[in-house]
Participant: 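Structure provided below as structure tokens; questions to follow.
First listed ligand is number 1; within each ligand, the first listed atom is number 1. Index from 1, following the sequence.
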Amino acid sequence: MTAPGVRDGQDVEDLDVEEVLALVKDGNRPARPATEATHDPTATRGHGSPVAPSPEAPHRKTSATPWADARIRAARAARSLAARRTPVSVNLEDALGLVLTAPLTALTDLPSFDTSAMDGWAVAGPGPWAVRDEGVLAGQHGPAGLVDGEAVRIATGARIPPDTTAVLRSEHGRTDEKGRLHPGRDLQHGQDIRPRGQECRSGDQLLPAGAVVTPAVLGLAAAAGYDTLAAVPRPRVEVLVLGDELLTEGRPHDGLIRDALGPMLPPWLRAMGAEVVALRRLGDDAEALHQALTASAADLVVTTGGTAAGPVDHVHPTLRRLGAELLVDGVEVRPGHPMLLARLTEDRYLVGLPGNPLAAVSGLVTLAEPLLRTLAGRPAPEPYTLPLREAAHGHPHDTRLVPVVLRGDHAVPLHYNGPAMLRGIAAADALAVVPPGGARAGQEAELLDLPWAAAGIGACFT
Ligand SMILES: Nc1nc2c(c(=O)[nH]1)N[C@H]1C(S)=C(S)[C@@H](COP(=O)(O)OP(=O)(O)OC[C@H]3O[C@@H](n4cnc5c(N)ncnc54)[C@H](O)[C@@H]3O)O[C@H]1N2
Ligand code: MOO
């Protein structure tokens, strides 16, 4: 059935109840531009005073923060803690994705000795040459020096014998019947020799402090002599999954459903650079939640579910009981508007993700990502936009995050993007930021890449 007033081409399955209600009331009026929505008397920006909810927005939270402000607030909240974190020394194999706290300074010349760039012969003086019996392989040290007219077989990466004048590639040399080596073409002095220090001298700065450790940085660090790197510690995150209705195996039955967030959040958080220290399922138990939050030593606790105002929604009451400071209490974004950010103690934070799975993703990218990025010392990704290939309907007042695939130079909005659905995001490359009122086909939309989309599965998982 199509809800009356829903615009052509819209899938009612894509809308949450509130959006459908708003559209029914709006009829087919054109979507309001973002600027107008900003002046909506029902929309409270920042932490303004409470405003009576409008009939169009039965669940609008008066304290809700605009989406872009919420991201900024989450990033800023962690700044003072980030400044207090002590750098750690991390083995290379554990350093992927971390940020260097000291410049990467070469511990050696590179190459650290004169090296053959090719398989062939090290030769001294002009040819033809007498070829020694014993060759020189990579990894051997101290080959005997050559005299003019002499050559020795040499492998790529092997040390150049003293007094070598060039390396003759194997395909450019010919040996006559007497075993003498002749050049097949002119040979320049120093040809195919990589001189010591060609890439850097010991003490040269290879990368500045603040560089992100990529696979290539790991390779460079190893080449330059490093076993460990000084880096910003990975933020530690504990995930608390709330809800009595959740199963951890088998098919849904008897009103029980599978926990979709337990399997999804830890790898997603790791892809965002976090160390997930624990995942615990607490049911709907206020006491267990209180104890878990009191006992946790993680930099960030991520809870799922329980953010709304139902009888077993324990997150707000527990935060009040703990005396936590609510920094963001609801965000003007769909899905996920009940998401929250709190400071539990001076150096511990909580992000409360709504239980609906796509709403949880929205909370992850809106609040957890900027907070973790700041704690990890990483810069914000450069914002970028692409035109939408099709129109994306918008919420009347709130930003919408819509899963999209990137095709050529367009972003294509995906269906099955309702708050309880993962079908769209599971096929997506990015989330498109759709302003209040929606976006036309061809309109540029800001895109938030999914952490694995650009790098390929596995590449960014730490
Ligand atoms: N009176 C109001 N009710 C609701 C509002 C509102 O503004 N006023 N907002 C709705 C929205 S929007 C969302 S989102 C949810 C958020 O609710 P909670 O964070 O309290 O989440 P729950 O009620 O625990 O669960 C919501 C939904 O998600 C399912 N769920 C929970 N955890 C998981 C999981 N790990 N894996 C899969 N699915 C999960 C749960 O069974 C519910 O269906 O509140 C609305 N209500
Ligand atoms: O419907 Mo709720 O917007 O957060 O998923």
Participant: So between His314, Met264, Glu245, whose heavy atom ends up nearest atom 41 (O) of ligand 1?
Facilitator: Glu245

Participant: Evaluate Thr304 for polar contact with ligand 1, using N/O atom pairs at a separation under 3.5 Å.
Facilitator: no

Participant: Going by an N to O cut-off under 4.0 Å, is there a salt bridge joining Glu275 and Arg234?
Facilitator: no

Participant: Please work out, at 4.0 Å between heavy atoms, whether the side chain, the backbone, both, or neither of Val315 comes within that distance of ligand 1.
Facilitator: neither

Participant: In ligand 2, which numbered atoms sit nearer than 4.0 Å to a non-hydrogen atom of Gly336?
Facilitator: 2 (Mo), 3 (O), 4 (O), 5 (O)

Participant: Output yes when a side-chain donor or acceptor of Tyr416 lies under 3.5 Å from a complementary backbone atom of Ile425, and no otherwise.
Facilitator: no

Participant: So, does Arg400 use its side chain to make a donor-acceptor pair with the main chain of His393 at under 3.5 Å?
Facilitator: yes

Participant: Heavy-atom contacts with Pro338 under 4.0 Å: which atoms of ligand 2 show up? List them by number with element.
Facilitator: 4 (O)

Participant: Can you sort out which atoms of ligand 1 are near Asp259, meaning under 4.0 Å from one of its heavy atoms?
Facilitator: 34 (C), 35 (N), 36 (N)

Participant: Looking only at N/O atoms, are Pro357 and ligand 1 under 3.5 Å apart anywhere?
Facilitator: no

Participant: Does Pro335 reach ligand 2 with a nitrogen or oxygen that is under 3.5 Å from one of the ligand's nitrogen or oxygen atoms?
Facilitator: no

Participant: Any N or O of Ala359 that comes nearer than 3.5 Å to an N or O of ligand 1?
Facilitator: no

Participant: Hey, is Arg334 one of the residues with a heavy atom under 4.0 angstrom from ligand 1?
Facilitator: no

Participant: Got a donor-acceptor contact below 3.5 angstrom from the Asn417 side chain to the Pro403 backbone?
Facilitator: no

Participant: What's the separation between atom CG in Leu422 and atom CG in Asn356, rounded to the nearest 0.5 Å?
Facilitator: 9.5 Å

Participant: For the side chain of Asp429 and the backbone of Leu406, is there at least one donor-acceptor N/O pair under 3.5 Å apart?
Facilitator: yes

Participant: Going by distance only, is there an N or O of Val241 that falls short of 3.5 Å from an N or O of ligand 1?
Facilitator: no

Participant: When you measure from the side chain of Arg258 to the backbone N and O of Gly250, does any donor-acceptor pair fall under 3.5 Å?
Facilitator: yes

Participant: Determine whether Leu340 and Val328 satisfy the following criterion, side-chain contact (heavy atoms from CB on, under 4.5 Å), listing intermediate values before the conclusion.
Facilitator: CA-CA 5 Å; Leu340 60 90; Val328 175; 5.7 Å; no

Participant: Under a heavy-atom criterion of less than 4.0 Å, does Gly310 contact ligand 1?
Facilitator: no

Participant: List every atom of ligand 2 that sits less than 4.0 Å from any heavy atom of His337, numbering the atoms from 1 in the order shown and giving each element.
Facilitator: 3 (O), 4 (O)

Participant: Could you say whether the N/O atoms of Ala260 and ligand 1 ever approach to under 3.5 Å?
Facilitator: yes

Participant: For ligand 1, which atoms have a heavy atom of Asp313 less than 4.0 angstrom away?
Facilitator: 20 (O), 23 (O)

Participant: Start with the C-alpha distance between Asp114 and Arg196, add both sets of side-chain angles, then the distance that settles salt bridge (Lys or Arg N to Asp or Glu O under 4.0 Å), and finish with yes or no.
Facilitator: CA-CA 5 Å; Asp114 293 344; Arg196 174 178 183 155; over 6 Å; no

Participant: Any idea which atoms of ligand 1 are less than 4.0 Å away from a heavy-atom of Ile257?
Facilitator: 37 (C), 38 (N), 39 (C), 41 (O)

Participant: With no hydrogens and no angle check, is any side-chain donor or acceptor of Arg73 less than 3.5 Å from a backbone partner on Leu327?
Facilitator: yes

Participant: Should you measure from each heavy atom of Ala359, which atoms of ligand 2 turn up under 4.0 Å away?
Facilitator: 4 (O), 5 (O)

Participant: Please could you name the atoms of ligand 1 that His337 approaches to less than 4.0 Å, counting only its heavy atoms?
Facilitator: 7 (O), 9 (N), 12 (S)

Participant: Is there a donor-acceptor pair under 3.5 Å between the side chain of Asp204 and the backbone N or O of Arg201?
Facilitator: yes

Participant: Any donor-acceptor pair under 3.5 Å linking the side chain of Asp259 with the backbone of Thr248?
Facilitator: no

Participant: Minimum distance, heavy atoms only, to atom 45 (C) of ligand 1: which one of Pro263, Gly355, Ala308 is it?
Facilitator: Ala308

Participant: Within ligand 1, which atoms have a heavy atom of Arg258 less than 4.0 Å away?
Facilitator: 36 (N), 37 (C)

